[in-house]
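First up is the structure itself, then whatever we jot down about it.
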Amino acid sequence: MSQKPSIPKGTRDFTPQEMANRNYIFNTIKDVFRLYGFQQIETPAMENLSTLMGKYGEEGDKLLFKILNSGDFAAQLTDNELLGRNAVKLTNRISEKGLRYDLTVPFARFVVQNRDKISFPFKRYQIQPVWRADRPQKGRYREFYQCDVDVVGSDSLLSELELIQIVDEVYRRLKINVVIKINNRKILSGIAEIIGEAEKITDITVAIDKMDKIGLEKVNEEIASKGISAEAIEKLQPILKLSGSNAEKLEQMKTVLAASEVGLKGVAELETIFGLCEAMKVETKIELDLTLARGLNYYTGAIFEVKALDVQIGSITGGGRYDNLTGVFGMEGVSGVGISFGADRIYDVLNQLNLYPETSQEQTRVLFVSFGNAELNYCLSWANALRQQGINTEIYPEPAKMKKQMSYADNKNIPFVAIVGETEMQVNKVMLKNMKTGEQKLTDVEEIIQML
RNA sequence: GUGGUUAUAGCUCAGUUGGUUAGAGCGUCGGAUUGUGGUUCCGAAGGUCGCGGGUUCGAGCCCCGUUUUCCACCCCA
């Protein structure tokens with residue numbers, strides 16, 4: 001016949017069944033966001049490249065999907081530019097838009113651009129797809145949804161608390177066992193300061209972030225390969241090997257960081273947050289993890305990451321405090337804190353554990369089936385009456401064979417079928433059949449409405 | 001971007017050292033059953049073996065390229 005159609009690498013279609021499951025996730029998350037007074041915004045799928053470029057590091061720039069300029073983009077190019085084969089320069093000349101890479105940077109742009117319409121602190125949530133041109137693998141897609149919640153315009157640690165409470169509530173509702181890992185960028189800065197490698201902070205954090213995966217020795221190797229002195233690495237060891245309860249860890253950190261003002265501030269912040277969580281009886285386990293660094297270098301305070309305990313997959317939620325995100329867009333001094341739920345990974349987790357409530361599949365409550373065109377017409381007003389009562393109702397649109405119509409109901413998991421033939425029409429009733437039990441009885445409109 | 005892996009019917013997969021006309025289950029459609037689905041029985045349709053090139057008398061099978069799948073690294077939700 002024809003060649004098979006396909007979709008781009010790392011993207012997916014979602015069937016009605018899958019969408020029912022996904023909406024269960026989105027709705028759960030949304031409900032909790034609203035419960036805390038967050039308001040929804042949306043931003044365009046595409047942003048100007050000038051907004052996106054340079055915000056995610058060199059790696060991020062490579063992973064941006066760029067959109068070719070419309071029209072004859074080649075007309076203005078000089079032969080030199082073409083023959084130079086410089087991908088970066090050429091890109092700048094033929095592309096000025098890109099698909100968003102996350103929701104945080106577009107949000108920062110949004111805040112700066114709409115500051116006249118916003119009152120601070122601004123609590124927003126945003127649930128939209130983002131795109132990354134990296135290679136797909138387990139739990140990693142090129143198009144995926146993020147569910148962001150952020151508070152900007154306040155540096156109160158109560159915001160951190162709220163976000164933790166939201167995480168706690170969302171995963172309780174979804175019935176996923178998780179652990180919240182928490183750290184503080186100020187502590188990491190303090191550490192770099194103490195060991196005398198303040199400017200290598202990024203390299204150090206990227207390396208110790210891998211502690212879980214590659215172990216202490218390899219982390220040390222990687223740090224050494226970045227040109228950090230053996231002496232500094234030696235000083236780092238007690239920190240990497242830190243153990244005990246959260247409180248014990250913090251006590252130890254106080255002595256280690258005694259000479260670092262920033263470091264101590266980070267410790268104090270975490271103490272406050274732990275105290276608040278305890279007072280508010282947050283049930284989810286919260287674990288201080290000094291190896292938690294996270295790649296994004298715009299975090300300045302608390303850093304969060306949530307991992308599922310029963311499924312091996314990357315983090316399913318992450319975020320942190322950023323003091324000056326809007327600064328790059330010319331609006332200084334706005335502090336924000338936010339987290340992002342990775343809907344697609346949550347979806348994978350729920351699929352693996354099969355944790356969907358049964359009702360999420362069922363959509364249509366009753367299907368009208370009929371034997372002829374006269375019966376079909378007769379159904380129309382019945383269906384209307386049911387719909388007015390809020391009952392999801394369908395009419396099989398043609399008088400096909402009974403078997404065909406009944407199978408349709410069966411396949412769609414429709415619990416009730418209203419059968420209409422001549423005899424039913426004569427007495428102004430329908431034969432209502434319960435598809436689970438097989439029972440059926442002659443009923444009129446009022447009766448159906450009551451039964452359903 | 002690096003390394004490995006995968007691709008056969010709508011879906012899940014068989015297919016012998018390279019040998020005639022590529023199979024099964026599920027699904028779809030039709031029938032057994034002209035007013036009754038989910039069970040059962042019978043039958044049918046459905047394939048450029050991802051795509052392009054090469055080796056060979058002969059390729060689903062071997063070789064090269066390319067795309068795709070999945071996995072690891074980098075990075076990340």
Side-chain angles (χ1 to χ4, degrees), chain A residues 1-12 15 25 29 56-64 87 100-104 127-148 202 205-207 209-210 213-214 218 222 292-297 304-308 312-320 338-349 367 369-372 375 396 399-425 430-440 442:
Chain A
M1 252 206 335
S2 56
Q3 50 184 323
K4 288 185 188 177
S6 63
I7 53 174
K9 188 197 277 203
T11 65
R12 295 155 299 161
T15 62
I25 297 171
I29 290 174
Y56 310 104
E58 208 178 310
E59 197 68 30
D61 284 356
K62 276 191 222 157
L63 298 181
L64 282 170
R100 74 166 96 79
Y101 177 91
D102 72 356
L103 299 179
T104 309
I127 298 177
Q128 288 190 276
V130 303
W131 294 270
R132 294 182 191 178
D134 61 357
R135 214 173 265 206
Q137 51 176 286
K138 191 185 183 70
R140 177 174 298 189
Y141 307 97
R142 291 184 133 180
E143 177 184 62
F144 61 96
Y145 275 76
Q146 290 192 328
C147 312
D148 272 35
T202 310
T205 54
V206 166
D209 192 34
K210 294 176 194 161
K213 233 177 198 168
I214 62 177
K218 295 259 175 160
E222 179 161 336
L292 173 63
R294 299 188 54 81
L296 294 173
N297 36 22
F304 308 104
E305 190 164 289
V306 179
K307 299 203 87 172
Q312 207 187 345
I313 196 163
S315 75
I316 53 179
T317 293
I339 51 171
S340 179
F341 288 79
D344 294 84
R345 285 189 178 173
I346 295 173
Y347 176 64
D348 288 345
V349 170
L367 172 76
V369 307
S370 51
F371 291 100
E375 286 90 337
Y396 198 92
K401 292 204 169 126
M402 237 338 83
K403 184 186 170 99
K404 171 104 179 135
Q405 300 192 57
M406 295 299 280
S407 307
Y408 177 85
D410 210 39
N411 289 335
K412 274 188 87 169
N413 264 320
I414 299 173
F416 293 96
V417 169
I419 303 165
V420 183
E422 266 180 51
T423 41
E424 285 81 7
M425 267 169 50
V430 298
M431 186 64 80
L432 187 71
K433 174 166 182 160
N434 181 323
M435 293 296 276
K436 272 214 181 82
T437 63
E439 290 173 76
Q440 56 184 50
L442 267 180

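Naming convention: chains lettered A, B, ... in sequence-line order (proteins, then strands); numbering from 1 in each chain.
In the interface, the side chain of K403(A) is not paired with the base of U36(B) through any donor and acceptor atom under 3.5 Å apart.
Counting any heavy atom pair closer than 4.0 Å across all strands shown, G438(A) reaches a base atom. Residue K307(A) is out of contact with every strand shown, counting any heavy-atom pair closer than 4.0 Å. Residue contacts shown for K62(A) are absent, as no nucleic acid heavy atom lies under 4.0 Å away. Among the heavy atoms of the strands, none lies under 4.0 Å from Q405(A). Among the atoms of the strands shown, base atoms are found under 4.0 Å from some heavy atom of E424(A). Within the nucleic acid shown, Y145(A) has no heavy atom closer than 4.0 Å to any nucleic acid atom. Using a 4.0 Å heavy-atom criterion, one finds that M435(A) contacts the bases of the nucleic acid, with or without backbone contacts as well. Residue G372(A) is classed as having no contact, given no heavy-atom separation below 4.0 Å to the nucleic acid.
Remark: Y408(A) engages Y396(A) in a ring-ring contact (aromatic ring centres under 6.0 Å, His included) (not counting sequence neighbours). With sequence neighbours excluded, the residues that form a side-chain hydrogen bond (donor to acceptor under 3.5 Å, both in side chains) with D344(A) are R12(A), R22(A). For the side-chain hydrogen bond (donor to acceptor under 3.5 Å, both in side chains) test, residues two or more places apart in sequence or in another chain that qualify with E439(A) are T437(A).
For the atom pair S370(A) OG and E422(A) CD, the distance stands at 12.5 Å (nearest 0.5 Å). How far CZ of R135(A) is from CZ of R142(A): 8.5 Å, rounded to the nearest 0.5 Å. Between the CE atom of M435(A) and the CD1 atom of I414(A) there is a distance of 8.0 Å, given to the nearest 0.5 Å. Note that CD1 of I127(A) is 6.0 Å distant from CD1 of I29(A), once rounded to the nearest 0.5 Å.
In the set C75(B), U68(B), G37(B), G37(B) carries the atom at the smallest distance from any side-chain atom of K433(A). Taking every side-chain heavy atom of M402(A) into account, G35(B) is the closest of U68(B), G35(B), C74(B). Distance from the side chain of E59(A) is smallest to C75(B) among C75(B), U28(B), U36(B). The listed nucleotides are G38(B), A77(B), A72(B); the one nearest the side chain of D410(A) is G38(B). Checking C74(B), A77(B), G35(B) against the side-chain heavy atoms of I419(A) singles out G35(B) as nearest.
Along RNA chain B, the nucleotide nearest Y408(A) and the nucleotide nearest K401(A) are compared for position; the residue whose nucleotide lies closer to the 5' end is K401(A). Looking at which nucleotide of RNA chain B each of P136(A) and G314(A) is closest to, the 5′-most match is held by P136(A).
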Would you tabulate the nitrogen or oxygen pairs shorter than 3.5 Å linking the protein to nucleotides 9-12 of chain B?
residue	atom	partner	partner atom	Å
A9(B)	OP1	K4(A)	NZ	3.1

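Residues of residues 340-347 of chain A that place a heavy atom closer than 4.0 Å to RNA chain B, in numerical order, are R345(A).
Rounded to whole Å, the separation between the C1' atoms of G50(B) and U67(B) comes to 8 Å. Annotation: U48(B) and G4(B) have their C1' atoms spaced 29 Å apart (nearest Å). Nucleotides C71(B) and U6(B) are separated by 11 Å at their C1' atoms, to the nearest Å. On the P atoms, A44(B) is 12 Å away from G25(B), given to the nearest whole Å. Nucleotides A72(B) and G46(B) are separated by 38 Å at their C1' atoms, to the nearest Å. Comparing the C1' positions of C74(B) and U2(B) gives an interatomic distance of 9 Å, to the nearest angstrom. C63(B) and G18(B) have their P atoms separated by 11 Å, given to the nearest Å. The separation of U17(B) from C61(B), taken at their C1' atoms, amounts to 11 Å, rounded to a whole angstrom.
Of the possible polar contacts, one joining the R345(A) side chain to the G139(A) backbone as a donor-acceptor pair under 3.5 Å is found. At least one donor-acceptor pair under 3.5 Å links the side chain of E424(A) to the backbone N or O of G421(A). Using a distance-only test at 3.5 Å, with no hydrogens or angles considered, no donor-acceptor pair links the side chain of E375(A) to the main chain of M425(A).
Atoms NZ (K412(A)) and C1' (G37(B)) sit 15 Å apart, rounded to a whole Å. Per the geometry, OH belonging to Y56(A) stands 11 Å off P belonging to A77(B), to the nearest Å. Nucleotide U36(B) holds its C1' atom 14 Å from the CG atom of N434(A), rounded to whole Å. Rounded to an integer number of Å, the gap from CD1 of I313(A) to P of C70(B) is 13 Å. Rounding to whole angstrom units, CD1 of residue I29(A) and P of A77(B) are separated by 15 Å. Atom CZ of R135(A) is separated from atom P of U5(B) by 13 Å (rounded to the nearest Å). Rounded to whole Å, the distance from CD on Q137(A) to C1' on C70(B) is 10 Å. Between the CZ atom of F144(A) and the C1' atom of C76(B) there is a distance of 7 Å, given to the nearest Å.
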Watson-Crick and G-U pairing of RNA chain B written in dot-bracket, each distance under 3.5 angstrom, with | for inter-strand partners:
((((..(..((((.....[...)))).(((((.......))))).....(((((..]....))))))..))))....
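The shortest distance between side-chain heavy atoms of Y145(A) and I25(A) does not fall below 4.5 Å. A heavy-atom distance below 4.5 Å is not found between the side chains of K62(A) and D134(A).
Nearest heavy atoms, Y101(A) versus L63(A): CE1-CB, 3.7 Å. The two residues A400(A) and Q405(A) make their nearest non-hydrogen contact at O-NE2, 2.6 Å. Across every non-hydrogen atom of A343(A) and C147(A), the tightest pair is CB-SG, 3.9 Å.
Using a 4.0 Å cut-off, some side-chain N or O of N411(A) falls inside it from OP1 or OP2 of U28(B).
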